[in-house]
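Structure first, commentary second.
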Amino acid sequence: MSDIEAAIRDNHPALITYLTAGDPSLEDTKAYVEALDRGGADLIELGLPFSEPIAEGPTIQAAINRALDAGTTPAGFFELVDELETEAPLLVMTYYNMILQYGDSEAPRASESDAAPPQSKPDVRLFVERAAEVGLSGIIVPDLPAEESEPLRAACDEHGLDLVFIVAPTTEGERLETIMSQVSGFAYVQARLGTTGARADVSNATHDSLARLSAYDVPKAVGFGVSKGDHAAEIIEAGADGVIVGSALIDIVAESDTPAIDLEAKAEELKRGAIRGTDGTGEDEIDAPEPEQP
Amino acid sequence: MSKSDHEHHRERDSEATFGEYGGQYVPEALMPAVQELEDAYERYVLNNEDGFMDEFRERMADFGGRPTPLQRADRLSERYDREIYLKREDLLHGGAHKLNNALGQVLLAKYMGKERIIAETGAGQHGTATAMAAAHLEMPCEIYMGRTDINRQRPNVYRMRMNGAEVNPVTAGSATLKEAINETMRDWATTVETTHYVIGSVVGPHPFPKLVRDFQAVIGQEAREQIRERAGRLPDSVVACAGGGSNTMGTFHAFVPDDAVDLYAVEAGGSSLEIDEENALAPNSATLSTGTGGVLHGAMTKLLQSEDGQIMESHSVSAGLDYAGVGPELSHLVDTGRVTPASVGDEAALNGFHRLSNLEGIIPALESSHALGYLEESHDELGDLVVVNVSGRGDKDLETVLEETEKRDLEAAPDVEVFGQ
């Protein structure tokens with residue numbers, strides 16, 4: 001069992017948190033990650049910022065812009081991870097081009113040489129090698145569907161990293177089979193169509209997706225829109241093994257005067273909510289959805 | 001992986017890629033829609049199911065005004081001492097080649113049972129073409145456009161609104177084409193079950209690069225027939241401007257098998273080809289000439305990017321060429337040597353604009369003016385018989401041209417100071 005799978009199964013129900021690294025600086029991120037670790041996060045995703053984050057809503061887009069404006073680079077990101085000593089395993093979430101380009105500075109630009117030389121093909125192994133070296137346990141790539149994942153998957157296998165796939169509300173039939181047969185670490189269940197971002201409620205699609213996945217014996221964690229302890233309770237009660245929270249934490253980073261303290265408290269609230277979801281008491285604090293609702 | 005899985009994977013790969021470029025790098029939520037589009041592409045476009053392509057051609061004739069002429073440019077032929085022919089896509093309805101793709105995709109969305117159209121636009125040409133096509137085919141339509149572009153292309157915003165489309169301003173980043181594409185993809189990830197994304201160029205995940213190319217290929221198919229009728233043979237070279245590359249691939253596609261015909265893709269050299277690494281800025285849009293391989297907006301292709309992989313802000317005097325990526329098939333054709341990438345700067349393009357206006361009575365788009373600028377600079381290398389695609393007309397660019405001309409001492413420009421008085 002991988003570190004990630006163990007972190008979810010051993011700490012069931014698991015709390016998975018996301019922060020964008022470098023927002024507003026890498027030193028701050030270090031303090032925030034430690035706060036989340038203390039607050040009860042069982043798995044921590046760190047975003048390596050990319051300039052074109054097509055899967056993100058406004059909150060994480062803004063965090064990524066702040067991180068890029070602060071000069072966050074892959075080199076600095078890996079140094080941060082190297083320094084972190086958390087109980088929770090760490091994953092990197094980034095877009096595929098960041099993985100492709102890592103460490104490829106030797107490749108000549110076409111303009112620097114005559115007669116277009118065959119370019120050295122981008123190679124994903126350098127990124128994975130460095131990720132393993134600094135102690136990352138897994139990788140999530142929102143713009144890499146299973147169909148294009150073979151090179152990265154091979155590199156991850158070689159270095160013992162999990163490559164986590166997202167299951168969307170539109171993932172059905174044969175594609176669902178294919179993805180579920182490749183689950184590594186856990187299945188990232190996208191709670192609703194659209195982009196990331198805190199929402200006021202838990203979508204019906206979450207219940208549908210969890211029902212569709214109930215036959216598969218793999219850890220399932222639900223993200224996209226989760227912001228409160230009550231959401232966590234409802235999601236765990238609906239059959240998930242973990243909840244993933246990102247934008248709600250980034251709001252704290254952006255708005256709080258004492259982000260580390262508030263992040264730790266938020267993690268505690270979310271973890272308590274998740275635990276409530278396992279003993280049935282979650283129903284008392286929320287409007288339980290009609291089981292028959294379409 | 002079983003043998004049949006493996007074979008299936010390989011087969012899919014060869015369809016989805018051009019050499020090492022192309023592919024489908026999109027969020028999982030969009031994959032079913034992308035696969036649904038692959039299926040529709042095969043049935044309706046490749047196999048003409050339900051007479052789709054017949055209806056497309058008929059509408060392009062009646063509504064669009066096809067075929068467009070191939071015109072001998074008498075003064076340019078004299079100036080360069082060789083035969084110069086212009087493919088007049090500026091005469092297509094809407095004033096640019098964009099309608100070929102927009103009408104094709106909106107019609108395809110209808111055949112697929114989609115209820116809503118979304119599209120991004122940079123300069124506004126693709127947005128206006130999509131809005132026209134959507135009005136013509138009675139489809140609700142929303143266009144995403146960067147705030148910067150809205151401010152510099154106001155007439156196109158009015159045209160879209162007049163055709164009944166909503167225009168949604170995008171304020172992220174530099175608020176131009178790249179950000180508009182990001183935002184349209186986010187809309188699509190939310191509404192994918194009912195909505196078709198009419199992408200504006202030969203970019204994006206498979207099958208978009210092939211789908212858009214096939215709708216645009218009519219440009220080269222007509223030009224190839226027309227030049228044989230007029231000149232009795234195939235041209236020595238074909239020249240087209242390249243941003244994302246839809247008019248480029250549309251013009252080249254029919255000529256690709258003709259080994260004796262040289263193909264030149266002319267990019268925007270902007271103010272310089274040097275990259276400003278420190279500020280992550282390319283003062284050009286010369287992706288084919290200077291870019292490196294990477295993944296943007298769903299495809300592996302050549303990109304203007306930093307060493308870390310951040311996408312750079314590009315620049316050109318022509319908003320329609322101002323993009324840090326390019327179609328994956330063009331990247332492949334450049335690597336294999338079939339297409340020669342070239343670039344001309346802002347100034348050569350402005351001179352090209354004025355020269356065609358003044359000598360031939362045709363006001364070309366600033367995008368097309370890059371092809372004309374290249375003709376001036378490199379006509380000696382292009383052989384005796386040359387076809388240049390005039391991808392659009394320049395009415396939309398008059399304000400920019402006046403502004404940019406006043407700043408410079410352009411050899412081909414008329415005295416524009418009178419306009420300022």
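Throughout, protein chains are lettered first and strands after them, A, B, ... in sequence-line order, and every chain is numbered starting at 1.
For a residue to count as touching a neighbouring chain, one of its non-hydrogen atoms must lie under 4.5 Å from one of that chain's; by this rule A:L68 touches chain B with the side chain only. Within the 4.5 angstrom heavy-atom criterion, only side-chain atoms of A:Q190, from C-beta onward, approach chain B. The part of A:P49 that comes within reach of chain B is its backbone (N, CA, C, O), which places non-hydrogen atoms under 4.5 angstrom from that chain. Using a 4.5 Å cut-off between heavy atoms, A:E172 does not touch chain B at all. At a 4.5 Å heavy-atom cutoff, the contact between A:Y96 and chain B is made by side-chain atoms alone. For a residue to count as touching a neighbouring chain, one of its non-hydrogen atoms must lie under 4.5 Å from one of that chain's; by this rule A:P169 does not touch chain B. In this structure, no portion of B:E274 lies under 4.5 Å from any heavy atom of chain A. The part of B:L296 that comes within reach of chain A is its side chain, from C-beta onward, which places non-hydrogen atoms under 4.5 angstrom from that chain.
Chain A forms the most heavy-atom pairs under 4.5 Å with one residue out of B:A172, B:P205, B:G309, and that residue is B:G309. In terms of non-hydrogen atom pairs under 4.5 Å with chain A, the most contact-rich of B:M300, B:R186, B:H297 is B:R186. Of all the listed residues (A:M98, A:R175, A:R192), the one sharing the greatest number of non-hydrogen pairs under 4.5 Å with chain B is A:R175. Top candidate by heavy-atom pairs under 4.5 Å with chain A, chosen from B:T191, B:V192, B:T190, is B:T190. Comparing A:V141, A:I166, A:N65, A:T73 by heavy-atom pairs within less than 4.5 Å of chain B, the highest count is held by A:I166.
We find the CD1-CG distance between B:I143 and B:N168 to be 9.0 Å, quoted to the nearest 0.5 Å.
Between A:F224 and A:Y188, the ring planes are perpendicular. Angles over 60° get that label, and only those under 30° would be called parallel.
Of the possible polar contacts, none joining the B:K178 side chain to the B:S174 backbone as a donor-acceptor pair under 3.5 Å is found. Judged by distance alone, with hydrogens and angles left aside, the side-chain atoms of A:E148 form no donor-acceptor pair with the main-chain N or O of B:Y25 at under 3.5 Å.
Within the cation-pi definition used here (under 6.0 Å to the ring centroid, within 45° of the axis), B:K210 qualifies as a partner of B:F18.
No donor-acceptor contact under 3.5 angstrom links the side chains of B:E115 and B:T194, judged on distance only.
Ring centroid separation for the pair A:F127 and A:F78 comes in under the 6.0 Å cut-off.
Salt bridge A:E133/A:R130: present, at least one basic N to carboxylate O contact under 4.0 Å.
Within the 4.5 Å cutoff, the side chain of A:I139 has heavy atoms near those of the A:L161 side chain.
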